[in-house]
Amino acid sequence: MRTQVLAVAASLRLAEHLRDGGRTADDFAAASGIERSMAFRFLRACTKIGLIASDDGCTFKSTSRLQALHSETPGSLRNKAMVLGTRAQYLIWTEFLTAVHTNQAQAERALGAPIFDYYADQPNEGAIFRATMQDVSEGVASESASILDTSTYSVAVDVGDADGALVHSLMQHNPRLRGIVLDRPENAAAAAAAAKARGHADRTEAIGGDFFKSVPKGDLYLLRFILHDWEDADAIRILESCRRAMNPGARLVVIEAFFAEPGEAIPPNMIDTQVPLFDLHLMLAVNGKERTVAEYSALFDQVGLCLIKTTPLSNGYVVIETAVA
């Protein structure tokens, strides 16, 4: 219930409506377009979870918690709150018992289609999902770009990265680097638009394709939050596609969350429950899984790649660099 209340608060831009001071339920109903009596009941519920405050039960004021949902707050959680309230994200959990019995994704059972096909047919939900992924990507991409040395590379291929946030961060650091963004055909136009918005249109090619079948030739391959969407056999197929296309001397970079090994220190910004719970969510959604670094290394070994460097990021992810063995 709290998830849905937060999702509606984000969707209705409650933080923006209350940013300049207290508002009554009638004020909020008029501004947001929702039904008047429901506006009061909704705001009353929001006070009980600390999202807003009211001294008299009539006038409602923002809190610091609500401001996290404001679209202009640095690190805003607005898109994340909205996506967790969408059908694609919460209906799959109604099939969790089936999933633990079968070890199979339940998106098709819950949604009527595999989750990415569902998003293709539901563009509004798909847009919220992509916006959320972009929010998560920005910090990861910026920090990764400060770590990765691209000085010897000419073409970086961002595999399955929707709008290509990572490759654009690298291109910002290296004005000689050209970028290719490969994603599903329905995402190619958005990737091209993102390149134009960042001023990189002349150095970027957006391609709609299937990374199981082939990927473009390049010197640096970027797989950010890709392999965790797939079970081992499919992850190996993706890596094989990249391995076949790699130019001599090319490297492949994987960026993912990871399970710490027994006794291994947990990154300071990683919540101890975060990775195990998201691991279950990945299984429910796409038959995916989170892995240890050693498990990723075992996948690399099977396609003729070797792990050469790992760099933890400040937000709990890890950058894994590989090269041809």
Side-chain angles (χ1 to χ4, degrees), residues 116-117 119-120 123 126-127 129-230 234-256 303 305 319-324:
F116 291 115
D117 292 342
Y119 280 137
F129 176 77
R130 288 191 297 274
T132 305
M133 293 299 99
Q134 184 175 348
D135 286 349
V136 175
S137 297
E138 291 299 335
V140 172
S142 178
E143 188 175 358
S144 299
S146 69
I147 291 170
L148 294 170
D149 179 8
T150 64
S151 59
T152 61
Y153 302 121
S154 299
V155 179
V157 184
D158 207 344
V159 180
D161 194 18
D163 70 341
L166 179 54
V167 75
H168 288 301
S169 289
L170 295 176
M171 292 165 70
Q172 193 71 34
H173 281 69
N174 180 356
R176 295 184 297 103
L177 186 67
R178 299 187 62 82
I180 298 175
V181 181
L182 173 71
D183 208 304
R184 291 168 63 104
E186 64 267 22
N187 294 334
K196 183 177 181 180
R198 289 180 168 94
H200 295 159
D202 60 332
R203 291 193 285 143
T204 306
E205 183 178 4
I207 299 175
D210 182 347
F211 51 46
F212 285 113
K213 294 180 179 178
S214 65
V215 300
K217 289 282 187 182
D219 308 308
L220 179 65
Y221 287 81
L222 309 168
L223 284 83
R224 183 190 53 80
F225 309 158
I226 301 301
L227 297 182
H228 74 174
D229 282 343
W230 305 96
D234 286 331
I236 288 170
R237 290 173 59 203
I238 296 168
L239 291 170
E240 285 175 335
S241 288
C242 295
R243 173 66 183 86
R244 287 193 299 269
M246 291 171 73
N247 289 329
R251 287 194 178 183
L252 180 145
V253 174
V254 170
I255 303 175
E256 295 283 5
V303 300
L305 296 172
V319 177
I320 306 173
E321 299 181 52
T322 75
V324 176

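What you see below is based on every heavy atom in this structure, not just the backbone, and it leaves out hydrogens, waters and symmetry mates.
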A.B. asks: Tell me whether R244 contacts the main-chain N or O of V215 through its side chain, where contact means a donor paired with an acceptor under 3.5 Å.
C.D. replies: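 Checking the backbone N and O of V215 against the side chain of R244, no donor-acceptor pair under 3.5 Å is found.
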
A.B. asks: As an exercise, state the distance from OG of S169 to CD of E143, rounded to the nearest 0.5 Å.
C.D. replies: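 CD of E143 is found 11.5 Å from OG of S169.
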
A.B. asks: Report yes if the side chains of L239 and L227 come closer than 4.5 Å at any heavy-atom pair, otherwise no.
C.D. replies: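 Yes, at least one pair of side-chain atoms sits under 4.5 Å.
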
A.B. asks: Walk me through it: do L148 and E321 pass the test side-chain contact (heavy atoms from CB on, under 4.5 Å)?
C.D. replies: CA-CA 9 Å; L148 294 170; E321 299 181 52; 3.7 Å; yes

A.B. asks: Heavy atoms only: give me the nearest G208-A188 pair and the separation to one decimal.
C.D. replies: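 Shortest heavy-atom contact: N-CB, 3.9 Å.
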
A.B. asks: Going through the distances and angles, do R178 and E205 end up as a side-chain contact (heavy atoms from CB on, under 4.5 Å)?
C.D. replies: CA-CA 8 Å; R178 299 187 62 82; E205 183 178 4; over 6 Å; no

A.B. asks: I'd like to know if the side chain of R198 and the backbone of A165 have a donor-acceptor N/O pair within less than 3.5 Å.
C.D. replies: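 No; judged by distance alone, with no hydrogens or angles, the pair does not exist.
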
A.B. asks: Once rounded to the nearest 0.5 Å, what's the spacing between atom CG of L166 and atom CE of M171?
C.D. replies: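 It comes to 11.5 Å.
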
A.B. asks: Would a distance-only check, ignoring hydrogens and angles, find a side-chain to backbone donor-acceptor pair under 3.5 Å from N174 to T150?
C.D. replies: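 At least one qualifying donor-acceptor pair exists.
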
A.B. asks: Counting C-beta onward and ignoring hydrogens, is there a side-chain heavy-atom pair between Y221 and R251 closer than 4.5 Å?
C.D. replies: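 Side-chain contact under 4.5 Å: no.
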
A.B. asks: Determine whether T322 and V254 make a side-chain contact, defined as any pair of heavy atoms from C-beta on separated by less than 4.5 Å.
C.D. replies: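 No, side chains not in contact.
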
A.B. asks: Just verifying a value: how many Å separate D183 CG and I207 CD1, rounded to the nearest 0.5 Å?
C.D. replies: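 Reported to 0.5 Å precision, the distance equals 11.5 Å.
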
A.B. asks: For F212 and I238, what are the C-alpha separation, side-chain angles and deciding distance, and is it a side-chain contact (heavy atoms from CB on, under 4.5 Å)?
C.D. replies: CA-CA 5 Å; F212 285 113; I238 296 168; 3.6 Å; yes

A.B. asks: Has the side chain of D158 got a donor or acceptor atom that lies under 3.5 Å from a matching backbone atom of V181?
C.D. replies: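 No: the side chain of D158 does not pair with the backbone of V181.
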
A.B. asks: When rounded to the nearest 0.5 angstrom, what is the spacing between OG in S146 and CD in Q172?
C.D. replies: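 Between atom OG of S146 and atom CD of Q172 there are 13.5 Å.
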
A.B. asks: Nearest 0.5 angstrom please: I180 CD1 to L220 CG, how far?
C.D. replies: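 If I round to the nearest 0.5 Å, the distance is 11.5 Å.
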
A.B. asks: What are the two closest non-hydrogen atoms of A192 and A206, and how far apart are they?
C.D. replies: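 Heavy atoms only, the tightest pair is N-CB, 3.7 Å.
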
A.B. asks: So which atom in V324 and which in R243 form the shortest heavy-atom distance, rounded to 0.1 Å?
C.D. replies: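 Scanning both residues, the minimum pair turns out to be CG1-NH2, 3.2 Å.
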
A.B. asks: Between G160 and I226, which heavy-atom pair has the shortest distance, and what is it?
C.D. replies: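 Between these two residues, the closest heavy atoms are O-CD1, 3.2 Å.
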
A.B. asks: Pair L170, L222 - check side-chain contact (heavy atoms from CB on, under 4.5 Å), show working.
C.D. replies: CA-CA 11 Å; L170 295 176; L222 309 168; 3.6 Å; yes

A.B. asks: Relative to the ring of W230, is the ring of F211 parallel (under 30°), tilted (30 to 60°) or perpendicular (over 60°)?
C.D. replies: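 Correct class here is perpendicular.
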
A.B. asks: Rounded to the nearest 0.5 Å, how far apart are CG of N247 and CG of D219?
C.D. replies: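 Between N247 CG and D219 CG, I get 5.0 Å after rounding to 0.5 Å.
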
A.B. asks: Do E186 and Y119 touch side chain to side chain, with heavy atoms closer than 4.5 Å?
C.D. replies: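 In short, these two side chains do not touch, never coming nearer than 4.5 Å.
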
A.B. asks: Which heavy atom in L177 sits nearest to a heavy atom in R203, and how many Å separate them?
C.D. replies: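 Looking at all heavy atoms of both residues, the closest pair is O-NH1, 2.6 Å.
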
A.B. asks: Strictly below 4.0 Å, N to O, side chains only: are D117 and R184 in salt-bridge contact?
C.D. replies: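 Salt bridge present between D117 and R184.
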
A.B. asks: Which pair of heavy atoms, one from D163 and one from Q134, lies closest together, and at what distance?
C.D. replies: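 Distance-wise, the nearest heavy atoms are OD2-CD, 3.3 Å.
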
